[in-house]
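Excluded from the calculations below are hydrogen atoms, water molecules and symmetry mates; all remaining heavy atoms, backbone and side chain alike, are included. Read the numbers this way: they start at 1 and go in the same order the structure lists the ligands and their atoms.
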Amino acid sequence: MRLSQYFLPLLKETPADATIASHKYMLRAGMMKQNSAGIYSWLPLGFKVLKKIEQIVREEQNKAGAIEMLMPTIQSADLWRETGRYDAYGPEMLRITDRHDRDMLYGPTNEDMITDIFRSSVRSYKDLPKNLYHIQWKFRDEVRPRFGVMRGREFLMKDAYSFDLSAEAARISYNKMFITYLNTYARMGLKAVAMKADTGPIGGDLSHEFIILAETGESEVFCHADLVNMPAPGNIDFDSDLQPLVDERISLYAATDEMHDAEAFSKLPKDKQLSARGIEVGHIFYFGEKYSAPMNAKVMTSEGKEVIVHMGSYGVGVSRLVGGIIEASHDENGIIWPKSVAPFGAGIINLKVGDDEADRVSEELYSKLSAAGIDPLYDDKPDRGGVKFSRMDLIGLPYAITVGPRGLKEGVVEIKNRATGDRLSLTPDAAADFIISEFAA
Ligand code: 5CA
């Protein structure tokens with residue numbers, strides 16, 4: 001993409017209500033624009049990141065055998081009346097009446113709807129287990145929408161729903177999601193810890209929140225320090241017994257504020273007692289028959305007996321992750337994107353647009369990197385060097401190649417690594433090869 005043709009409305013001033021880094025930088029870097037409290041438009045740069053995160057979530061869900069679908073944002077109140085949640089959900093639910101005076105709502109979650117879809121088509125144990133998911137906008141009329149996309153009213157969630165024949169089988173589905181979540185966050189450069197959590201309006205008695213540590217996090221959390229640097233399981237066989245991998249983690253203390261047991265925590269060695277603030281980037285639940293019983297979602301067993309199915313649900317805060325990644329990775333100059341979710345792989349800064357040699361070399365780099373799938377952003381605008389450098393730092397691409405007449409006299413361009421600040425002078429060809437090989441690694 002050529003910057004002169006892109007839509008990147010940067011802000012010079014930080015809006016007064018933006019108090020945390022991700023909120024400030026998402027506004028300043030032209031990633032999003034607020035339309036009303038907790039409701040945002042995703043501008044092109046922000047939208048690219050959102051789509052990359054979504055795709056990582058999708059790939060990891062698919063690896064674990066979950067199946068993608070899409071349910072609507074607007075739901076009928078009838079299903080929610082069946083489960084008793086229409087009244088129970090309270091003022092967080094945005095209720096709407098259509099022209100025929102029917103009660104509708106903008107979905108805050110989809111347990112009721114997916115259970116209806118399941119019961120209307122699945123009859124036999126042979127069709128189990130099943131895990132169905134979608135990546136869809138949700139609406140929750142939060143009392144205090146704040147921190148930009150971190151606590152929005154309209155936000156993008158991946159929500160998966162599992163159906164099993166028994167509590168034991170449901171635990172296997174739960175474990176698959178537990179491991180998948182660790183792998184998903186690791187691919188985004190995040191260290192997420194699974195913590196015992198309260199189940200709130202979703203319900204059930206087995207639940208973990210996935211938390212990334214950040215000073216600006218909304219939750220107070222407590223955990224064994226070793227959990228933070230424990231590597232994600234990575235490529236594993238999802239048909240194998242995952243319980244040992246899960247146990248290795250849940251045997252160490254980790255709980256959110258609501259589930260905190262101060263006495264148990266105080267028994268950890270002093271240097272392992274980590275109390276910090278965190279951002280909830282995912283939440284998984286096992287709630288058995290909570291929805292399937294009132295909605296009569298049953299299947300026939302191999303013995304010809306009808307049983308209520310056991311369910312779980314599994315959420316990832318896709319739009320919240322955009323902010324979460326920035327909280328975990330930024331400096332005073334702007335965002336530092338991990339390669340896996342960066343909106344563009346590298347920037348090309350032409351310091352003297354209009355200079356034949358600078359233009360020619362920049363164009364060549366642009367073609368070569370584009371052909372290699374690096375998706376470069378070419379700053380071909382006629383601005384001063386200082387403006388270009390700070391703009392590139394703000395938007396946080398992993399690498400920037402500076403092309404200027406002075407370097408070109410020596411036959412070199414300069415690569416800057418955004419995360420480390422390291423600089424390398426290389427010939428244009430070597431610079432392109434270097435970046436291509438960094439992305440292949
Ligand atoms: N149905 C279940 C799981 S599918 C569910 O709704 N779980 S949840 O309420 O915990 O939400 C799942 C994830 O969505 C949370 O972990 C969080 O990362 C994200 N989320 C929840 N509320 C908001 C919000 N107001 N703004 C941004 N993200 C949110």
Side-chain angles (χ1 to χ4, degrees), residues 20 22-23 26 32 34 37-40 42 50 53-54 57 61 66 68-69 71 73 75 80 83 85 89-94 106-115 131-163 173-174 177-178 180-181 184-185 188 190 192-204 206-212 214 217-219 221 256 258 278-287 290-291 311-327:
I20 65 171
S22 59
H23 192 188
M26 286 183 74
M32 64 171 186
Q34 181 172 321
I39 302 179
Y40 294 89
W42 290 80
L50 186 68
I53 292 174
E54 184 184 312
V57 171
Q61 289 292 299
E68 189 170 13
M69 61 181 294
M71 290 176 266
T73 53
Q75 307 186 21
W80 289 69
T83 58
R85 279 216 290 183
Y89 215 92
E92 266 195 21
M93 183 187 274
L94 181 64
Y106 193 131
T109 178
N110 282 66
E111 282 80 6
D112 320 70
M113 183 178 277
I114 195 78
T115 309
N131 185 337
L132 298 168
Y133 77 97
H134 71 162
I135 300 174
Q136 177 63 294
W137 294 92
K138 304 288 185 290
F139 196 95
R140 292 182 186 173
D141 206 350
E142 301 275 352
V143 197
R144 280 192 73 195
R146 57 186 179 151
F147 301 148
V149 298
M150 301 293 247
R151 181 161 297 280
R153 291 201 294 167
E154 189 183 53
F155 59 96
L156 189 62
M157 193 200 286
K158 183 285 299 180
D159 38 327
Y161 301 89
S162 65
F163 299 87
S173 297
Y174 186 90
M177 288 293 111
F178 187 107
T180 294
Y181 275 37
T184 302
Y185 301 122
M188 300 170 191
L190 297 172
V193 177
M195 306 204 182
K196 250 198 194 145
D198 186 31
T199 56
I202 308 292
L206 171 65
S207 168
H208 289 92
E209 276 182 19
F210 289 76
I211 302 276
I212 55 172
E218 283 197 280
S219 337
V221 297
T256 59
E258 300 92 4
I279 301 167
E280 179 200 328
V281 288
H283 197 164
I284 63 178
F285 305 80
Y286 164 67
F287 42 72
K290 178 172 177 190
Y291 302 91
M311 292 176 60
S313 75
Y314 314 90
V316 170
V318 177
S319 51
R320 177 179 287 182
L321 272 165
V322 181
I325 293 169
I326 297 174
E327 289 302 323

Would you check whether Gly152 has a nitrogen or oxygen atom less than 3.5 angstrom from a nitrogen or oxygen atom of ligand 1? yes

Look at the side chain of Arg140 and the backbone N and O of Pro108, then say whether any donor-acceptor pair between them is shorter than 3.5 Å.
-> yes

Closest to atom 13 (C) of ligand 1 among protein heavy atoms sits Gly317 N, 3.9 Å

Residue pair Asp112 / Thr83, side-chain donor-acceptor N/O under 3.5 Å:
yes

Practice prompt. Using distance alone, with no hydrogens and no angle criterion, decide if Glu280 and Ser219 have a side-chain donor and acceptor under 3.5 Å apart.
Written response: no

Looking at Glu218 and Arg146, is any side-chain nitrogen of the basic one under 4.0 Å from a carboxylate oxygen of the acidic one?
yes

Counting from 1 in the order shown, the ligand 1 atoms closer than 4.0 Å to a non-hydrogen atom of Val149 are 27 (C)

In terms of heavy-atom contacts, Gln75 and Gly107 come closest through NE2-CA, 3.5 Å

query: Does Arg153 pair with Glu142 as a salt bridge, N-O distance under 4.0 Å?
result: no

Per-atom filter on ligand 1: closer than 4.0 angstrom to a heavy atom of Gly282 are 16 (O), 18 (O)

Under 30°, 30 to 60°, or over 60°: which ring-plane class applies to Trp137 and Trp42, parallel, tilted or perpendicular? tilted

> Within less than 4.0 angstrom of ligand 1, does Met150 place any heavy atom?
Replying inline: yes

Honestly, for Lys138 the part within reach of ligand 1 (heavy atoms, under 4.0 Å) is neither

Shortest non-hydrogen pair, Asp198 vs Ser207, comes out as O-OG, 4.1 Å

Problem set entry | Phe285 and His283 aromatic ring geometry - parallel, tilted or perpendicular at 30°/60° bounds | parallel

of all protein heavy atoms, closest to atom 12 (C) of ligand 1 is Met157 CE, 3.7 Å

Under 4.0 Å from one or more heavy atoms of Ser313, ligand 1 contributes atoms 1 (N), 2 (C), 3 (C), 4 (S)

- prompt: Taking both backbone and side-chain atoms of Asn110, is any N or O found less than 3.5 Å from an N or O belonging to ligand 1?
  reply: no

Result for ring-ring contact (aromatic ring centres under 6.0 Å, His included) between Tyr89 and one of Phe139, Trp80, Tyr106 points to Trp80

Counting heavy atoms under 4.0 Å, the part of Arg153 that contacts ligand 1 is neither

among protein heavy atoms, the one nearest atom 17 (C) of ligand 1 is Arg320 NH1, 3.5 Å

Numbered in order shown, the ligand 1 atoms found under 4.0 Å of a heavy atom of Thr109 are 1 (N), 2 (C), 6 (O)

Numbered in order shown, the ligand 1 atoms found under 4.0 Å of a heavy atom of Asp159 are 4 (S)

Note: Glu280, heavy atoms under 4.0 Å from ligand 1, region reported as both

Within the 4.0 Å heavy-atom cut-off, what His283 brings close to ligand 1 is both

Candidates Phe139, Phe155, Tyr133, Phe285; heavy atom nearest atom 23 (C) of ligand 1 found on Phe155

Exactly one candidate in Val193, Thr180, Ile325, Val316 meets side-chain contact (heavy atoms from CB on, under 4.5 Å) with Tyr185; the answer is Val316

Near Glu111 (heavy-atom distance under 4.0 Å), the atoms of ligand 1 are 1 (N), 2 (C)

protein heavy-atom neighbour closest to atom 9 (O) of ligand 1 works out as Arg140 NH1, 2.8 Å

Item to check | Short N or O distance, Arg151 and ligand 1, threshold 3.5 Å exclusive | outcome: no

Indicate the ring-plane relationship of Tyr181 and Phe210, choosing parallel, tilted or perpendicular according to the 30° and 60° boundaries. tilted

